[in-house]
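Take a look at the structure set out below.
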Number of protein chains: 2
Amino acid sequence: MSVSIKEVAKLAGVSVATVSNVLNQTKNVRAETKSKVEIAVSQLKYQINPLARNFRKGESKVIGFVVSDLSNYFFQNVAIGLERSLSNYGYLVALMDSKESKTLEIENVKNLLALSVDGLVIATTGEDCCYLNLILENHDVPVVFVDRKPFGFKSDMVLSTNNEGAYLGIKHLIQKGHEKIGFITSRNDSTMGERIEGYRQAYLEAGLQVNENHILTGDNNVSISQNLLLHGIAYTQAKRLVEAGEVTALFAGNNLSSIGVYNYLREANIKVPEEIAFLTFDDSFWLSMTTPSISAIKQDPDMIGSVAGQLIYERISDKTNEQPDRILRIPTCLVLRSSV
Amino acid sequence: MSVSIKEVAKLAGVSVATVSNVLNQTKNVRAETKSKVEIAVSQLKYQINPLARNFRKGESKVIGFVVSDLSNYFFQNVAIGLERSLSNYGYLVALMDSKESKTLEIENVKNLLALSVDGLVIATTGEDCCYLNLILENHDVPVVFVDRKPFGFKSDMVLSTNNEGAYLGIKHLIQKGHEKIGFITSRNDSTMGERIEGYRQAYLEAGLQVNENHILTGDNNVSISQNLLLHGIAYTQAKRLVEAGEVTALFAGNNLSSIGVYNYLREANIKVPEEIAFLTFDDSFWLSMTTPSISAIKQDPDMIGSVAGQLIYERISDKTNEQPDRILRIPTCLVLRSSV
DNA sequence: AAAATTATTTTAAACGATTAACCTATGTAT
DNA sequence: ATACATAGGTTAATCGTTTAAAATAATTTT
């Protein structure tokens with residue numbers, strides 16, 4: 001069916017090695033011979049068999065992207081950036097959704113390795129990634145983490161400037177006169193830890209005392225699609241804080257909680273920003289379509305993905321590189337709308 | 001480094017063929033021999049080399065998904081469904097974003113084939129897909145189209161019940177007393193044709209005369225991300241119809257135009273649904289977070305993706321199957337909120 | 001018990017590239 | 001003229017499976 005390098009060699013009257021050398025420019029070939037090969041290639045419409053090459057070279061040209069929650073638009077944009085960046089290097093990106101389940105995440109990693117991907121980009125569900133050490137033991141596969149920092153496993157990571165972003169947001173609220181700001185998030189991981197740290201820094205800088213009761217973290221992982229069906233823990237958290245008259249502003253720690261918080265404010269008919277100001281971490285287009293539109297700390301998931309792609313490419317193409325693990329931070333910024 | 005089937009055979013004291021037969025259950029093997037092999041496998045922690053298998057079998061276990069616009073949440077959900085369904089069969093899904101560019105789409109298809117995917121799922125940008133005939137000429141790769149119907153190329157397709165969906169929506173508006181309904185969409189393809197057909201049917205059934213000036217189609221392809229930056233053609237279309245006092249209701253033909261239309265209604269401070277009723281094709285969570293929340297014809301992109309996965313799997317695993325090309329329709333339904 | 005049938009296992013040839021090791025000219029230094 | 005490089009090209013092994021075809025063993029039939 002498809003023509004092989006042998007037939008090209010025969011037609012060109014040279015050996016297969018020479019054809020290979022012409023094709024890959026791996027050895028010097030006389031111009032005359034080269035053009036004989038090239039003519040044969042184009043006459044036979046030869047196309048390399050990537051399966052054979054991959055087999056021989058021991059690579060698959062596929063990078064796996066294991067996503068904690070693919071229904072979350074944040075990660076969808078990470079995927080877009082990742083795909084764009086890796087396609088430059090001839091790599092495919094294979095998606096796997098963990099649906100916020102650690103079990104499924106492990107399953108996904110195993111499956112990807114079983115299909116022999118060349119690298120792994122992981123947005124982990126829980127942060128405990130000890131399991132990877134065992135699984136990766138006899139696979140020489142580089143790993144890059146995005147968005148959430150793992151523990152128990154060492155590798156490159158690409159994260160947002162969580163601390164700085166939250167700091168910026170809280171500072172903005174404080175400048176607008178708020179001194180009692182509720183920090184609401186359904187998660188409780190290192191990323192949230194960093195954002196809370198930013199919260200504290202802004203308070204400290206303003207000479208305000210942090211009221212620990214105003215920081216409400218959750219502990220359960222929920223996917224966005226689930227969160228939309230259930231009311232979401234953030235809804236209840238917001239309700240509690242506001243009804244107790246505890247706060248004058250709410251800060252949602254991520255997009256998941258922003259939905260819960262906003263739903264509460266809306267259903268309770270609370271005037272935003274007059275009665276309660278609202279600001280959220282993680283931007284999206286729908287935030288400009290609500291009434292009022294919602295100010296946000298904008299992350300750059302696309303950039304996170306594309307940087308992760310570069311990192312993994314570097315690791316793959318330079319296996320000798322014993323460079324220490326890097327943590328790269330992608331900037332965040334404040335997008336002002338009408339909710340503060 | 002990694003242990004091969006040869007070493008397993010040696011340890012078990014059988015031939016490699018027998019090991020292969022045990023592993024793949026391709027031939028009957030005596031229970032005794034079988035267990036000898038199994039013991040050797042587990043002792044050596046043997047894992048098959050998928051690269052070698054793929055090479056030998058001439059398959060890659062990767063399906064390419066070429067998406068017209070990956071920033072569109074509709075397609076993101078198609079991707080989710082596709083991934084879920086194909087992972088059941090041991091296939092990976094590789095994403096490629098065409099960013100609403102035909103050139104890029106062709107590039108993507110070529111690249112995927114060059115990396116030898118086993119199948120192709122395509123959400124095409126323009127509908128003219130003649131180019132595929134040439135490219136696929138000497139690749140035996142099944143193709144399934146989703147969302148948009150191609151012309152110039154024959155294959156399976158998975159589409160929404162566009163006609164019925166639009167019919168349902170327009171009928172609903174008519175029941176609410178509207179007789180002058182603007183149909184707004186930035187695209188003009190067969191999918192829109194079907195939806196407009198539904199519009200006409202509902203009008204016909206109600207004994208109303210269609211005013212052709214109320215049907216505004218566009219002709220340019222824009223990605224959602226672009227659309228969010230530019231104001232979007234739908235914005236202007238809505239403005240025109242409403243300011244001319246031509247209509248009492250607006251129907252957005254897809255999610256892209258819904259954003260433009262809603263932005264106009266909001267910026268122009270038009271009371272929805274009192275002054276103008278609003279209904280859109282394609283549901284999303286943000287439609288329930290606007291004021292008022294927006295009624296929609298809900299599609300099931302996840303289902304579209306998962307059905308596409310099944311179709312392509314069937315075609316791959318049963319190459320002899322000379323079954324004619326199928327068009328599968330995934331149901332749509334009306335989700336009532338407060339904009340009508 | 002020999003012949004015929006069936007079940008199990010082995011042999012060895014693919015699959016299509018890459019690449020180390022080996023030739024063979026041709027040119028250069030001694 | 002001899003030895004020595006160097007450039008250009010070929011040979012043949014190799015990667016780890018699968019799978020026809022052949023060989024052998026076990027079972028059934030006559």
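Naming: A, B, ... by sequence-line order, numbering from 1 per chain. The figures here come from the full heavy-atom set of this structure, side chains too, leaving out hydrogens, waters and symmetry mates.
Legend: residues meeting salt bridge (Lys or Arg N to Asp or Glu O under 4.0 Å) with Lys6(B), ordered by chain and number and at least two apart, are absent.
Of all the residues in residues 30-46 of chain B, Arg30(B), Thr33(B) reach under 4.0 Å from DNA chain C with at least one non-hydrogen atom. Within residues 49-57 of chain B, the residues that place at least one heavy atom under 4.0 Å from DNA chain C are, in residue-number order, Phe55(B), Arg56(B).
Here the shortest heavy-atom pairing between Arg326(B) and Asp156(B) reads N-OD1, 2.9 Å. Closest heavy-atom contact between Phe145(B) and Ser155(B): CD1-OG, 3.1 Å. Between Leu115(A) and Lys61(B) the shortest heavy-atom distance is CD2-CB, 4.3 Å. Closest heavy-atom contact between Val141(A) and Leu120(A): CG1-N, 4.0 Å.
Side chains of Thr124(B) and Lys102(B): a donor on one and an acceptor on the other come within 3.5 Å. No donor-acceptor contact under 3.5 angstrom links the side chains of Ser2(B) and Gln47(B), judged on distance only. Using a 3.5 Å distance cut-off with no hydrogens or angles, the side chains of Ser60(B) and Asp118(B) do pair a donor with an acceptor.
The shortest distance between the side-chain N/O atoms of Thr18(B) and the OP1/OP2 oxygens of dT10(C) is below 4.0 Å. OP1 or OP2 of dT18(D) has at least one side-chain nitrogen or oxygen of Ser20(B) nearer than 4.0 Å.
Sorted by first and then second residue, the ring-ring contact (aromatic ring centres under 6.0 Å, His included) pairs with a member in residues 5-53 of chain B form an empty list; sequence neighbours excluded.
The CD-C1' distance, from Glu59(A) to dC15(D), rounds to 13 Å in whole Å. Across the protein-nucleic acid pair, Gln25(B) atom CD and dT8(C) atom P stand 15 Å apart, rounded to whole Å. Whole-Å rounding puts the Asn28(B) CG to dT10(C) P distance at 14 Å. Atom P of nucleotide dG16(D) and atom CD1 of Ile48(B) are separated by 12 Å, given to the nearest angstrom. If you take NZ of Lys6(B) and P of dT10(C), they are 16 Å apart, rounded to a whole angstrom. When rounded to the nearest whole Å, the span between CG of Asn21(A) and P of dG16(C) equals 20 Å.
A donor-acceptor distance shorter than 3.5 angstrom exists from the side chain of Glu127(B) to the backbone of Ser190(B), with no hydrogens or angles considered.
In this structure, Arg30(A) pairs ionically with Glu32(A), as a charged nitrogen and a carboxylate oxygen lie closer than 4.0 Å. Using a 4.0 Å cut-off between a side-chain N of Lys or Arg and a carboxylate O of Asp or Glu, Arg148(A) and Glu100(A) qualify as a salt bridge. Checked for salt-bridge contact, Glu137(B) and Lys45(A) miss the test: no charged N lies under 4.0 Å from a carboxylate O.
Ring pair Tyr89(A)/Tyr313(A) is parallel by interplanar angle, where below 30° counts as parallel and above 60° as perpendicular.
Annotation: the terminal axes of the helix from dA1(C)-dT30(D) to dT30(C)-dA1(D) meet at 50°, where each axis is the rotation carrying the C1' atoms of four end pairs onto the next four (5 pairs per end, rounded to 10°).
Both Val16(B) and Gln47(A) lie close to DNA chain C; mapped to their nearest nucleotides by heavy-atom distance, the more 5′-ward contact belongs to Val16(B).
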Under-3.5 Å N/O pairs linking protein and nucleotides 21-25 of chain C:
| residue | atom | partner | partner atom | Å |
| --- | --- | --- | --- | --- |
| dA21(C) | N6 | Lys27(A) | NZ | 3.3 |

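Across all strands shown, Ser4(A) has heavy atoms under 4.0 Å from sugar-phosphate atoms exclusively, and none from any base.
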